[in-house]
Amino acid sequence: MSTFETKNKTSIKFNRFFFFCGMIMAFSEVWKQCCLTFIVNRGVYDWWYFPFQLCSIAMYVLLVLPWVKNTHIRPALLSFLMNYSLLGGTAVFADTSGLHYPVPALTVHSYLWHVLLIITGISAGAACIAENQNHMPGRRLFRNSTFIYLGCCAAATGINLLFDRFGDINMFYINPDYEMQQIGFSSLAGYIGNIPAIILYILTTILGACILFHIWRLAARCYQHFFRH
């Protein structure tokens, strides 16, 4: 079997898995929104839980990823999952207070959601390495995924400003109208100001994703050394 056929077969398997996970996340998110609106808030929509946090973006990416054939966009989406989504899925366990809801089923959903982020993030890394068997993941790959992240930050800011009038909303936790809530940065905001703390939070997220990316580069090097020779 040729390298192209092997790569294509690998991509098909990963695509099926990604789309399946994306559908699970989408249906469970609809259930979550209905539960929050009609059970917890008695028919009133709570914009605080609008599905556009860093840990929500994977759902959208997973749903479109299997259909993306562009040789630049697909690796960028995989890089986003294996770096930024994986970071979001793991970092949340440093402070699990945000995973708890008044309805136990929602708390279980929240934990499982972030576990799935970790699983799909690792799978995306494996797919990226397998689909680029003869090349190390390049810095351009991380740069493109960072553009996606920054684009999401810009979109989150737009959503925050647009829907602020309808209720509490803090997408990506970067709404300047709210004090920074992320662990560590909330204390820092008292010293340097809220907006500088938000900027530092974004930069720190990029740094964390960059560290993960270099771990993936090391994993790719090991893969090439042990399985390609």
Side-chain angles (χ1 to χ4, degrees), residues 10-11 13-33 49 51-66 68 74-101 104-132 137 141-142 144-146 148-150 152-153 156 171-173 181-185 201-202 204-223:
T10 300
S11 298
K13 290 181 178 179
F14 276 113
N15 283 341
R16 290 172 179 170
F17 174 73
F18 290 143
F19 188 70
F20 176 71
C21 291
M23 290 298 292
I24 290 177
M25 296 179 86
F27 281 116
S28 67
E29 181 63 34
V30 171
W31 169 82
K32 172 187 173 182
Q33 295 295 324
Y49 298 106
F52 201 84
Q53 298 287 9
L54 175 58
C55 294
S56 305
I57 303 302
M59 173 180 65
Y60 307 111
V61 173
L62 289 168
L63 288 173
V64 302
L65 184 59
V68 176
R74 178 178 173 83
L77 294 176
L78 287 173
S79 180
F80 181 86
L81 290 175
M82 70 194 232
N83 296 308
Y84 287 97
S85 289
L86 181 58
L87 177 67
T90 54
V92 74
F93 288 100
D95 178 15
T96 60
S97 59
L99 301 180
H100 295 267
Y101 293 82
L106 286 172
T107 300
V108 172
H109 169 271
S110 187
Y111 274 91
L112 292 178
W113 181 282
H114 289 85
V115 169
L116 190 56
L117 282 180
I118 295 173
I119 293 173
T120 54
I122 293 174
S123 300
C128 187
I129 293 173
E131 293 177 11
N132 297 276
L141 192 65
F142 178 72
N144 292 343
S145 66
T146 300
I148 294 175
Y149 170 68
L150 292 175
C152 289
C153 287
M171 300 297 96
F172 274 53
Y173 300 103
Q181 298 179 332
Q182 297 297 75
I183 185 171
F185 296 94
Y201 167 69
I202 293 173
T204 303
T205 301
I206 295 174
L207 175 61
C210 184
I211 292 173
L212 278 178
F213 177 71
H214 281 86
I215 292 174
W216 281 116
R217 280 175 60 87
L218 178 61
R221 189 183 300 276
C222 293
Y223 172 81

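- Taking CG of L54 as the start and CG of L87 as the end, the distance is 7.0 Å to the nearest 0.5 Å.
- The side-chain heavy atoms of F18 and L78, taken from C-beta on, include a pair separated by under 4.5 Å.
- The side-chain heavy atoms of F17 and I119, taken from C-beta on, include a pair separated by under 4.5 Å.
- Here V108 pairs with L112 under the side chain to side chain contact (heavy atoms under 4.5 Å, CB included) rule; sequence neighbours left out.
- Applying the side chain to side chain donor-acceptor pair (under 3.5 Å) criterion to Q53, with sequence neighbours excluded, gives no partner residue.
- Closest approach of L63 and G22 over heavy atoms only: CD2-C, 3.5 Å.
- Atom CG of L116 is separated from atom NE2 of H109 by 9.5 Å, given to the nearest 0.5 angstrom.
- Shown here are the ring pair (Phe, Tyr, Trp, His ring centres under 6.0 Å) partners of Y111, two or more places apart in sequence or in another chain: H100.
- Listed by chain and residue number, nothing satisfies the ring pair (Phe, Tyr, Trp, His ring centres under 6.0 Å) test with F93 (two or more places apart in sequence, or in another chain).
- Among residue pairs with one or both ends in residues 78-90, those qualifying as side-chain hydrogen bond (donor to acceptor under 3.5 Å, both in side chains) are S79-N83, S79-S145, Y84-T146; sequence neighbours excluded.
- Applying the ring pair (Phe, Tyr, Trp, His ring centres under 6.0 Å) rule to F52 yields the partners F172; only residues at least two apart in sequence or on another chain are considered.
- Evaluation of the side chain to side chain donor-acceptor pair (under 3.5 Å) rule for Y201 yields Q182 as partners, not counting sequence neighbours.
- R16 places none of its side-chain heavy atoms less than 4.5 Å from the side chain of P66.
- For the atom pair S56 OG and M25 CE, the distance stands at 7.5 Å (nearest 0.5 Å).
- Take C55 and apply the side chain to side chain contact (heavy atoms under 4.5 Å, CB included) test, not counting sequence neighbours, and it matches W113, H114, L117.
- Counting heavy atoms from C-beta outward, Y149 and T205 have side chains that approach closer than 4.5 Å.
- Here the shortest heavy-atom pairing between I148 and A76 reads CD1-O, 3.8 Å.
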Verdict with supporting geometry, I122 and M82, side chain to side chain contact (heavy atoms under 4.5 Å, CB included): CA-CA 6 Å; I122 293 174; M82 70 194 232; over 6 Å; no
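- By the 4.5 Å heavy-atom criterion applied to side chains, P51 and K32 are not counted as neighbours.
- In this structure, the side chains of T107 and L99 stay at 4.5 Å or more apart for every pair of heavy atoms.
- The side chain to side chain donor-acceptor pair (under 3.5 Å) test applied to N144 returns no partner, not counting sequence neighbours.
- Annotation: the span from K13 atom NZ to S123 atom OG amounts to 13.5 Å, rounded to 0.5 Å.
- Here T204 pairs with F185, L200 under the side chain to side chain contact (heavy atoms under 4.5 Å, CB included) rule; sequence neighbours left out.
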Worked verdict on L106 versus W31 for side chain to side chain contact (heavy atoms under 4.5 Å, CB included): CA-CA 9 Å; L106 286 172; W31 169 82; 3.7 Å; yes
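- Rounded to the nearest 0.5 Å, atoms SG (C153) and CE (M171) are 12.5 Å apart.
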Pair I24-F19, side chain to side chain contact (heavy atoms under 4.5 Å, CB included): steps then yes or no: CA-CA 9 Å; I24 290 177; F19 188 70; over 6 Å; no
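- For Y49, there are no side chain to side chain donor-acceptor pair (under 3.5 Å) partners at least two apart in sequence or on another chain.
- Considering only heavy atoms from C-beta on, L150 comes within 4.5 Å of I206 through its side chain.
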Side chain to side chain contact (heavy atoms under 4.5 Å, CB included) between L65 and F14, worked out: CA-CA 10 Å; L65 184 59; F14 276 113; over 6 Å; no
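- Residues forming a side chain to side chain contact (heavy atoms under 4.5 Å, CB included) with V61 (at least two apart in sequence, or on another chain): I57, L77, F80, L81.
- When all heavy atoms are compared, the tightest approach of L62 to C21 is CD1-CB, 4.2 Å.
- Using a 4.5 Å heavy-atom threshold, the side chains of F142 and R217 count as separate.
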